[in-house]
J.: 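Sharing a structure, written as structure tokens. Questions coming.
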Amino acid sequence: MTTVSPFDRPYQPKDIEQKWYQVWLSKGYFKAETSAKKKPYVIIMPPPNITGSLHQGHALAYYIQDCLVRWKRMLGHNVLWLPGSDHAGIATQNVVEREMTKEGLSRHKLGREKFIERVWQWREHYGHRILEQLHRFGASCDWSRERFTLDEHSSKAVTEAFVSLYQEKLIYRGSFLINWCPRCESALSDLEVEHEEKKGKLWQIQYALADEPGQVVVATTRPETLLGDTAVAVHPEDERYRSLIGKFVILPLLHRKIPILGDVSVDPAFGSGVVKITPAHDFNDFEVGQRHHLEMISIFDEKAHLTREAGPYQGLERFKARKQILQDLQKEGLLMAEQEHLFAQGLCQRCQTLVEPRLSLQWFVKTKPLAAPALRAVQSGEVKIIPEGWGKTYFHWMENIKDWCISRQIWWGHRIPAWYCSEQHTTVSSEAPKRCSVCKSQSLKQDEDVLDTWFSSALWPFSTLGWPRQTKELKLFYPSHVLETGFDILFFWVARMMMMGIHFMKEPPFHEIFLHAMVRDAEGQKMSKTKGNVMDPLDSIETYGSDALRFTHLSLACQGRDVKLSNDRIEGYRNFMNKMWNAARFVLMNFPKETKFSTDFDSSELPVVHQWILTRLQETILETRRSLEEYRLNEACFTVYHFAWSEFCDWYIELSKSHLNAEVLWYTFRELIKLLHPFMPFITEEIWQHLPDKEVESVMMASYPKANSAHVHAMAKKEMEAMMAIVSYIRTVRAEHQVKPSKTIPAVIVVSNKSIFSLLEREKSTMIHLAKLSEFSLSLKAVDTKNYVVGTVGFADVLLPMRELFDVENEKKRLQKELQKIVQELEHIEQKLAQSSFIEKAPKEVVEKEKQRAQELKLRKQQVGNNLEKICSG
RNA sequence: AGGCGGGUAGCUCAGUUGGUAGAGCUUCGCCCUUACAAGGCGGAGGUCGCAGGUUCGAGUCCUGUCCCGCCUACCA
């Protein structure tokens, strides 16, 4: 590889990012090996829906995954990050239908085959766009293994799984009350219904007793469903109504005679204590109906228009029917009261239409037997959920799981592999059967319905690896290491993968589940197209670069907290990229070309500054690795950011200007670039390519830095910290007295501590450089401080000449402030030390530390006091 | 109704074995000091939601309480 772009400034990510992605691709760096001896590390990418383009939530997820994967690759693993996309049944069908509506078309006009063709066209288009976006993210996934939930292999897996579950009696067909979306005209699972609290009305309606005078009053939020009432119910112990149980009432408007039941589900305290029972249109009533063997009358059709059962109201749309029925009740004097009422309404997740409970024939997965082992796997710790808190949510759902309605009355998806003869016998088979399995009839028709999109997703961890065939891949790459995804699909997807994975593979599909937070806008609002606050990741990348966006996402991805994305933040990290860019310029400028790189040079005799940066580098490496291992990516980001900017750039590069050690500078910088790579892959690669002595041709193939204890020098770190404190002090005094940065001043340091004295003596030139000094003199004994401003830093007194340099008033203010701070802290500590309980009970080293601190403060108090006095008198 | 998460500097947030509160952005002052003005140096800014408790010591553990957000739930 050669460097193509010049080292311009500021850093321009655009060309560089696209260029390197293409190089990586062509070199085949992303490919996993099947013959490798290396330990595999596997992440199966959560397949994005093909409904549109990727949003910031995807960006967050894929940046996290890519960071992990690049890190592991550099650690020497055989990495497989397997990409793919999801056909997203209802969601995709809806967007395509919407598009067609604009053209005056509908799926029914087009017909099933043509419509599906059209959706495939859509898929081609958006599938491509999603691919492009993943490239821009820098996603290092193995494109040779890319999969689609509706491709041939996946479809085969779906059929196989369905047939197998059916044979095991874990899939059944039956007529039950399910959630129905009248706009999608399909069944939905419980999860696909969103609940929204809404203000509505509660109406009280009078039902006359059938065989005697009198009446009961029922309360309802849905008066139109009374047309489907087949009973009214009271609590069996309710004194007011006990005598009525077994008698009948006359259903208003339709004048049907229906029984009065006793059922414990009725709450006597609510409303009148009498409930109308509509088994075909209410989940609770359905259960009551089953208990009492009531007739179930469906009054709505698939569009939620009233059926023939509704008598005179047939054909009316459900909301119009409500109006009409209320009017009619009013006319007959049966509407007793109307009051405000808060209730939760169910909306279709995909189109926000009010969902209608509907009695229909559907396919279900029997979930209890599947859920039990999936529950145990997490409880036992075999599978770990991160952050831990989500475990509880997972348990709760798994413990209360209900059967899963998997059939959908749409066209886009996996056709259910069930066939029916004219006798309505069912034949389930992975291939189209020739004869009915019961009556051998040859006239068979396949089920018109398709499967819930999540059914195929549930198989994703192994269907992508070739299942049901026993492939090499399956053996090598199942289970994957971590599933990284959003908590919003914990039930939809994660839980179901757990169930299916354990069932079919006898082993959970992953060891760890890492759930990231929701990406919101700067105001904390959920991004949505209707609100218009969507930040397209591609726009962010255009403006700031992919690395900057990545670093932002990773920095904000604190466990268990929403991510509030703002341009300010991205810009800040864009600046960090530029900072590293310029650091690279400096390093290369100061690097003698013939110097060879080595990692195991002897650092034991080096000056403090070099030992210090080496020490800090090792510490940074350790911390970064630890944070990555614990999925604390934000901490890892902070660690590398702080080291790179505040220590390497601000201090070490500055020092290198006067005290260059090419070997250390070189080593430190190169290790840093490698360390940074998973967090900012493009710029680190570009810089890497400029390095004259690379260990490998691409930084993504380099080995991840490992802390080297031979380069840890604890004493040097302490000494450097002492020096930095003195420099900072001098800088502060200079700044507060408005000494021009270009002006050098003399400084005298009085220090009785011999080791610090010799350190400063050794590092004289360092001090002169950093603090911008004209001269730097040291003394072991106290000197006449008459013409100096004296500050105490650690064990040293720093003397700066006063008269010609300092503003007396400023210094007075500064000292007063400092004194106040010291006094406050000293009081605090002395109070502590005065308590016998503290001395007795606190650990010795803590007490010792406090004592030392008090000692120091006393000294400084005196010193500052003296100075202040001197200034005031002088 | 239950469960979960959060309330820390003007804003956005870090802070995992309890030991003197941190970052970025913002803001103020000085500076184009030859890697970097997308920058450098320095400063200002917090009784860590409230009330108790445990402890020598609590942002950090416990209890209660008030706000905010999310998830789960068939109250007609």
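All heavy atoms count here, side chains included; hydrogens, waters and symmetry mates do not. Every chain is numbered from 1, with letters handed out A, B, ... down the list of sequences.
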J.: If you measure from the C1' atom in B:rG18 to the same atom in B:rC56, how many Å do you get, rounded?
T.: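 So the two C1' atoms sit 12 Å from each other.
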
J.: Say you draw a straight line from CH2 of A:Trp493 to CG of A:Leu191; how long is it, rounded to the nearest 0.5 Å?
T.: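 A:Trp493 CH2 to A:Leu191 CG: 15.0 Å, rounded to 0.5 Å.
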
J.: Rounded to the Å, how far apart are A:His769 NE2 and B:rU34 C1'?
T.: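 Computing the A:His769:NE2 to B:rU34:C1' distance gives 12 Å.
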
J.: Give a yes/no answer on whether the side chain of A:Trp645 brings an N or O atom under 4.0 Å of OP1 or OP2 in B:rG40.
T.: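 Yes, A:Trp645 has a side-chain N/O under 4.0 Å of OP1/OP2 on B:rG40.
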
J.: If I pick the C1' atom on B:rG10 and the same atom on B:rA35, what distance separates them, to the nearest angstrom?
T.: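 My reading of the C1' atoms in B:rA35 and B:rG10 gives 34 Å.
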
J.: Give one of base, sugar-phosphate or nothing for A:Arg222, where a contact means two heavy atoms less than 4.0 Å apart.
T.: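 Result for A:Arg222 = nothing.
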
J.: Looking only at side-chain atoms of A:Tyr641, point me to the closest of B:rG15, B:rA76, B:rG24.
T.: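 Ranking B:rG15, B:rA76, B:rG24 by closest atom to the A:Tyr641 side chain puts B:rG24 first.
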
J.: Between A:Pro10 and A:Glu197, which is nearer to the 5' end of RNA chain B once each is assigned its nearest nucleotide?
T.: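 Here A:Pro10 is the residue nearer the 5' end.
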
J.: Could you verify whether a donor N or O on one side chain and an acceptor N or O on the other, from A:Asn582 and A:Tyr11, lie under 3.5 Å apart?
T.: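 No, no side-chain donor-acceptor pair sits under 3.5 Å.
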
J.: So if I take every side-chain heavy atom of A:Glu630 and compare against B:rU16, B:rA35, B:rG43, which nucleotide ends up nearest?
T.: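 Minimum distance to the A:Glu630 side chain belongs to B:rU16.
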
J.: For A:Tyr573, answer base if it contacts any base atom (sugar-phosphate contacts may also be present), sugar-phosphate if it contacts only those atoms, and nothing otherwise; contact means non-hydrogen atoms under 4.0 Å.
T.: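 Contact class for A:Tyr573: none.
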
J.: Measuring to OP1 and OP2 of B:rG24, would you say a side-chain N or O of A:Ser555 lies under 4.0 angstrom away?
T.: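 It does not, given that no N or O in the side chain of A:Ser555 lies less than 4.0 Å from OP1 or OP2 of B:rG24.
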
J.: Just how far, in rounded Å, is P of B:rG24 from CZ of A:Arg574?
T.: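 Distance, rounded to whole Å: 17 Å.
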
J.: Can you identify which nucleotide, out of B:rC56, B:rA35, B:rU33, has its nearest atom closest to the A:Pro741 side chain?
T.: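 Given the options B:rC56, B:rA35, B:rU33, the side chain of A:Pro741 is closest to B:rU33.
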
J.: Among A:Phe679, A:Tyr544, A:Tyr641, A:Trp645, find the one that has a ring pair (Phe, Tyr, Trp, His ring centres under 6.0 Å) with A:Tyr573.
T.: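 Only match with A:Tyr573 under ring pair (Phe, Tyr, Trp, His ring centres under 6.0 Å): A:Tyr641.
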
J.: Using whole Å, what does the distance between atom P of nucleotide B:rU72 and atom CG of A:Asn179 come to?
T.: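 One finds 13 Å between P of B:rU72 and CG of A:Asn179, rounded.
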
J.: In whole angstroms, how far is the P atom of B:rA23 from the CD atom of A:Glu571?
T.: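 Checked: the CD to P distance equals 20 Å.
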
J.: For B:rC4, give the paired nucleotide (Watson-Crick: N1-N3 plus N6-O4 or O6-N4; G-U: N1-O2 and O6-N3; both under 3.5 Å), or none.
T.: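 Its partner is B:rG69.
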
J.: Run the salt bridge (Lys or Arg N to Asp or Glu O under 4.0 Å) test on A:Glu654 and A:Lys657 for me, step by step, so that the C-alpha distance in whole Å, both residues' side-chain angles and the decisive distance to 0.1 Å come before the verdict.
T.: CA-CA 6 Å; A:Glu654 204 46 52; A:Lys657 289 175 183 171; 3.2 Å; yes

J.: Scan every strand shown for a Watson-Crick or G-U wobble partner of B:rA9, both distances under 3.5 Å, and answer none if you come up empty.
T.: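 Base partner found: none.
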
J.: Quote, to the nearest angstrom, the C1' distance that separates B:rG59 from B:rU55.
T.: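 The answer is 16 Å between these two C1' atoms.
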
J.: Which one is paired to B:rC48, where only Watson-Crick or G-U wobble pairs with both distances under 3.5 angstrom count?
T.: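 WC or wobble partner does not exist here.
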
J.: Taking only the P atom of each, what is the distance from B:rU16 to B:rU34 in whole angstrom?
T.: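 Roughly 42 Å separates the two P atoms.
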
J.: Choose from B:rC25, B:rC74, B:rU72 the nucleotide whose nearest atom is closest to any side-chain atom of A:Lys402.
T.: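 It is B:rC74.
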
J.: Hey, does the side chain of A:Lys743 come within less than 4.0 Å of B:rC30's phosphate (OP1/OP2), counting only N and O?
T.: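 It does not, given that no N or O in the side chain of A:Lys743 lies less than 4.0 Å from OP1 or OP2 of B:rC30.
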
J.: Answer with yes or no whether the side chains of A:His516 and A:Thr485 bring together a donor and an acceptor at under 3.5 Å.
T.: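 No, no side-chain donor-acceptor pair sits under 3.5 Å.
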
J.: Whole-Å distance between B:rU16 P and A:Glu623 CD?
T.: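 Atom-to-atom, A:Glu623 to B:rU16, this comes out as 14 Å.
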
J.: Does A:His195 have a side-chain nitrogen or oxygen under 4.0 Å from the phosphate oxygens OP1 or OP2 of B:rU72?
T.: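 Checking B:rU72 against A:His195, no side-chain N or O comes under 4.0 Å of OP1 or OP2.
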
J.: Among B:rG43, B:rA14, B:rG40, which nucleotide sits nearest the side chain of A:Asn634?
T.: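 For the A:Asn634 side chain, the nearest candidate turns out to be B:rA14.
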
J.: From the list B:rU20, B:rC75, B:rG15, which nucleotide is the closest neighbour of the side chain of A:Lys849?
T.: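 Among B:rU20, B:rC75, B:rG15, the one nearest the side chain of A:Lys849 is B:rU20.
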
J.: Using whole Å, what does the distance between atom P of nucleotide B:rC30 and atom NZ of A:Lys772 come to?
T.: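 So the NZ-P distance, A:Lys772 to B:rC30, works out to 17 Å.
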
J.: So what does A:Val266 hit on the nucleic acid, given a heavy-atom distance under 4.0 Å: a base, only sugar-phosphate, or nothing?
T.: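 Base, at least one base atom sits under 4.0 Å.
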
J.: I'd like to know if the side chain of A:Trp180 pairs up with that of A:Glu356 as donor and acceptor (distance under 3.5 Å, no hydrogens or angles considered).
T.: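 There is no such pair (donor and acceptor under 3.5 Å, judged by atom type) between the side chains of A:Trp180 and A:Glu356.
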
J.: Any chance the side chains of A:Asp263 and A:Ser265 put a donor and an acceptor closer than 3.5 Å?
T.: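 Side-chain D/A pair, A:Asp263 to A:Ser265: present.
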
J.: Who does B:rC56 pair with, Watson-Crick or G-U, both distances under 3.5 Å?
T.: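 By the stated definition (distances under 3.5 Å), B:rG19 pairs with B:rC56.
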
J.: Answer yes or no: side-chain N or O of A:Lys740 and base N or O of B:rC31 forming a donor-acceptor pair under 3.5 Å.
T.: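 Answer is no: no donor-acceptor pair is held.
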
J.: B:rC4 phosphate, OP1 or OP2: any side-chain N/O from A:Lys392 under 4.0 angstrom?
T.: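 Yes, such a contact exists.
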
J.: Of all the nucleotides listed (B:rA35, B:rU20, B:rC41), which has the minimum atom distance to the side chain of A:Glu825?
T.: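 The nucleotide sitting nearest to the side chain is B:rU20.
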
J.: Which is true for A:Asp488 with a 4.0 Å heavy-atom rule: it touches a base, it touches only sugar-phosphate, or it touches nothing?
T.: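 A:Asp488: no heavy atom of the nucleic acid under 4.0 Å.
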
J.: Using heavy atoms to find the nearest nucleotide of RNA chain B for A:Pro843 and A:His642 separately, return the residue whose nucleotide is more 5′.
T.: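 On the 5' side of the pair lies A:Pro843.
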
J.: Would you call the rings of A:Phe514 and A:Tyr631 parallel, tilted or perpendicular, taking 30° and 60° as the class edges?
T.: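 Ring orientation, 0 to 90° scale: tilted.
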
J.: Which value, in whole Å, describes the distance between the P atoms of nucleotides B:rA73 and B:rC62?
T.: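 These two P atoms come out 29 Å apart once rounded.
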
J.: Among B:rC56, B:rC75, B:rC74, which nucleotide sits nearest the side chain of A:Phe283?
T.: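 Within the option list, the nearest is B:rC74.
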
J.: Hey, is the side chain of A:Asn578 poking within less than 4.0 Å of OP1 or OP2 on B:rG39, counting only N and O atoms?
T.: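 Checking A:Asn578 against B:rG39: no side-chain N or O falls below 4.0 Å of OP1 or OP2.
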
J.: Does A:Lys657 put a side-chain nitrogen or oxygen below 4.0 Å from OP1 or OP2 of B:rA35?
T.: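 It does, given that an N or O in the side chain of A:Lys657 lies less than 4.0 Å from OP1 or OP2 of B:rA35.
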
J.: Return the nearest nucleotide to the side chain of A:Phe838; candidates are B:rA76, B:rG19, B:rC74.
T.: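 Of the candidates, B:rG19 comes closest.
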
J.: What integer number of Å spans the P atoms of B:rA51 and B:rU12?
T.: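 It comes out at 23 Å once rounded to the nearest Å.
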
J.: What's the gap between B:rU17 and B:rG5 when it is taken at their C1' atoms, as a whole Å value?
T.: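 It works out to 23 Å between them.
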
J.: Mind checking A:Glu850 for me? I need base, sugar-phosphate or nothing, with any heavy atom below 4.0 Å counting as a touch.
T.: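 Counting heavy atoms under 4.0 Å across all strands, no contact is made by A:Glu850.
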
J.: I want to verify a distance call: between B:rG19, B:rC41, B:rA35, whose nearest atom is closest to the A:Val846 side chain?
T.: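 So the nucleotide nearest the side chain must be B:rG19.
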
J.: Please give, in whole Å, the distance from B:rU33 P to A:Leu773 CG?
T.: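 Result: 19 Å.
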
J.: A:Phe576 vs A:Phe551 aromatic rings, parallel, tilted or perpendicular, using cut-offs 30° and 60°?
T.: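 Tilted, since the angle between the ring planes falls between 30° and 60°.
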
J.: When we call it a touch if two heavy atoms are under 4.0 Å apart, what does A:Asp267 touch: a base, just sugar-phosphate, or nothing?
T.: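 Contact class for A:Asp267: base.
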
J.: Would you say A:Asn634 and A:Ser555 are linked by a side-chain donor-acceptor pair, where the criterion is simply a distance under 3.5 Å?
T.: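 No.
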
J.: Using the C1' atoms only, state how far B:rG40 lies from B:rC36, rounded to an integer number of Å.
T.: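 Pairwise C1' distance, B:rC36 against B:rG40, rounds to 9 Å.
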
J.: Which part of the nucleic acid does A:Ser742 contact within heavy-atom distance under 4.0 Å: base, sugar-phosphate only, or nothing?
T.: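 Nothing, no nucleic acid heavy atom in range.
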
J.: Rounded to whole angstroms, how far apart are OH on A:Tyr652 and C1' on B:rA35?
T.: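 That distance rounds to 15 Å.
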
J.: Tell me the partner of B:rG42, counting only Watson-Crick (N1-N3 plus N6-O4 or O6-N4) or G-U wobble (N1-O2 and O6-N3) with both under 3.5 Å; none if nothing fits.
T.: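 B:rG42 is paired with B:rC28.
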
